[in-house]
Each structure stands twice: as structure tokens, then as C-alpha cells.
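Predicted model, so just to flag it, every value in this text is computed and none were measured.
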Amino acid sequence: MHSANAQGAIAVTGTSRGIGAAIALELARRGFVVGCLSRGGRSFLDEPAPDDDLRPRLLEETCDVTDEAAIRRALHAVAERGGGLCGLVNNAGVHLIGPAAEFSTADFQQVLSTNLTGVFVACREAYPLLRAQGGGLIVNIGSFFGRLGVRHTAAYCASKAGLSGLTRSLAVEWGPEGIAVLNLAPGYVETEISRKWLHKDWARERILARIPAGRPPTGEAVARLVAAFYAERLPYLTGETIYMDGGLSVSH
């Protein structure tokens, strides 16, 4: 893997808010140059403004992950501005819910296009840039829903299960090039968007009470683990799905 003094930038998708914004900021705090990719080109909308000393390490680019040309352009722009590309974090995603018997094909395809196809395209377009740097690390942000059966979330569960298979296949195929691929699968993450409903009475009873760790992870906690992957040199950690749900999905 690459440490903070490695050559090149790390591109992160979906940095406008939540987990993506937290990941970008944590990587920058650890000295990495970060390509911040979002549909509007504006990052950290729900976060405190980055410190002035971090600003030079945060390279904002407009990118819709369902647009192949946009992904290609954004990754090449980050590589050009950041002295190459040494990493990619696929965080952008969408979560549409509804009964499977009534869920439209268009909505199903939208979820897969964003959460799975978009990740594949980003990995494919990053590959030659990572290879040019002598290798690198791709971290896909999955979900513990990828190994669960959850009512009204068939498309989302399918997309996140697919990420595990994609991660394994790319890890095997690109390992000889010095490129590692990981899938980090958080549980219910407490962000600005989810905080209100996570603390409703029904959520505490049905969800929070079942987490052995006693609470859901925060976006900052997820960000610290992602940053640790990049900060440490762990060449044999690849192809794995790493669950970060406080033990919820394995709790009987």
C-alpha cells in the first residue's frame, strides 16, 4: 500500500457529505493529496469547512459516477493535478427502497448503475493510472446489507453483494500489478442524514439495542479505518470484505 509520502493522489467519490466527506478530510489530515469527486463539484456540504492548511491537498472535481466519460475525465484530472494516482475510494452510492413486487426495473437499474456498474467503471479507468504509479489501493465502500436479506431493499442488497464479488475478482486479476482491492462494509452509520432516525425510539429498540458494540459507527470512524489502509503498508491484505458494523450482522 501507499503511505502519506507516496507519489500521487487518492480519488474519493461522493465527497459532498457524509462518509465520503469524512474520508476525504481524514486522508488530507494524514498528508495525502485527495481528489474530491462529487456530482456538483462541491464537497463537505454537511461538514465543518476544512482548515486552511488542508485546502491545498483537496482537489475538487465534478463527477457523476453513472457517466463513464465523466469518471474518466475526473480521474485523469486528479492524476494530473496530484502528480499521479495512487488510490481510489469508491464511496458514491444510492439507496432506493420499495417492495420487490412493485419495484420498477428503472429504479433497480439506477441502484445497480450507481452502486456497482459505476464502481466497476471507476476501477477500470483508474487501473492504468495506478499501474503507471507502480501499483496502489482501491477501497470500495460496501455495506453489511450485502450479506443480509432485508425487506424492501432488494436492489441495494444486490448491488452491495455484487461489490464483494467485484472486489475479489479485481484483487486476483490486478494483484500482480501491485494493485490491492478491498471492500469495507459498514453497518448503520451515524451521519447528519441518518442521525435523527437512528435515535428514534423504534430504531433504538430494533437496531441499536442489537449492536454488541452498543452504538453505530460514525462516518469519522469509517474514515479512520480507510485512512489506516492507506497509511500502513499491508501488501497481503487484498480481496477481502471487511465488516464494520459493531457485530450487528453476526449477533444472534
(request) Can you sort out the partners of Glu60 under salt bridge (charged side-chain N to carboxylate O under 4.0 Å, His left out), two or more places apart, ordered by chain and number? (result) none
(message) Going by ring pair (Phe, Tyr, Trp, His ring centres under 6.0 Å), name the residues that satisfy it together with Phe144, two or more places apart in sequence or in a different chain.
(response) Tyr188
(message) Using the rule side chain to side chain contact (heavy atoms under 4.5 Å, CB included), only one of Ile23, Ile138, Leu27 pairs with Ile10; which is it?
(response) Leu27
(message) Going by the rule salt bridge (charged side-chain N to carboxylate O under 4.0 Å, His left out), which residues pair with Arg224 if we only count those two or more places apart in sequence or in a different chain?
(response) none
(request) Linking directly or through intermediates, with side-chain heavy atoms under 4.5 Å: list the remaining ILVMFWY members grouped with Ile97, chain and number order. (result) none
(request) Can you sort out the partners of Glu240 under salt bridge (charged side-chain N to carboxylate O under 4.0 Å, His left out), two or more places apart, ordered by chain and number? (result) none
(request) Could you pull out all residues at least two apart from Pro99 that satisfy side-chain contact (heavy atoms from CB on, under 4.5 Å)? (result) Glu102, His152
(request) Return each pair, listed once, that meets ring-ring contact (aromatic ring centres under 6.0 Å, His included) where at least one residue sits in residues 86-125; pairs must be two or more places apart or across chains. (result) His95-Tyr156
(request) Look only at the side chain of Asn91 and the backbone of Ile141, and say whether a donor-acceptor pair between them is shorter than 3.5 Å. (result) no
(message) Suppose we screen for side-chain contact (heavy atoms from CB on, under 4.5 Å). Which residues come up paired with Ala171, at least two apart in sequence or across chains?
(response) Val181, Thr238
(request) Would you mind listing every ring-ring contact (aromatic ring centres under 6.0 Å, His included) that reaches into residues 54-81, with sequence neighbours excluded? (result) none
(message) If we ignore hydrogens and angles and just use 3.5 Å, is the side chain of Gln133 paired with the main-chain N or O of Gln7 as donor and acceptor?
(response) yes
(request) Check for a donor-acceptor pair, side chain of Asp51 on one end and backbone N or O of Leu54 on the other, with a separation under 3.5 Å. (result) no
(request) Would you please name every residue forming a salt bridge (charged side-chain N to carboxylate O under 4.0 Å, His left out) with Arg168, sequence neighbours left out? (result) none
(message) Please give me the minimum heavy-atom distance between Gly146 and Ala161, naming the atom from each residue.
(response) O-CB, 3.3 Å
(message) So does Gly142 get a backbone contact from the side chain of Asn140, meaning a donor-acceptor N/O pair under 3.5 Å?
(response) no
(request) Using side-chain contact (heavy atoms from CB on, under 4.5 Å) as the criterion, list what pairs up with Thr241, not counting sequence neighbours. (result) Ser164, Asn183, Ala185, Tyr243
(request) List in chain and number order the residues that pass side-chain contact (heavy atoms from CB on, under 4.5 Å) with Glu177, two or more places apart in sequence or in another chain; answer none if no residue qualifies. (result) Tyr127, Arg131, Ile179
(message) Between Thr13 and Ala92 (side chain of the first, backbone of the second, donor and acceptor by atom type, cut-off under 3.5 Å), is there such a pair?
(response) yes
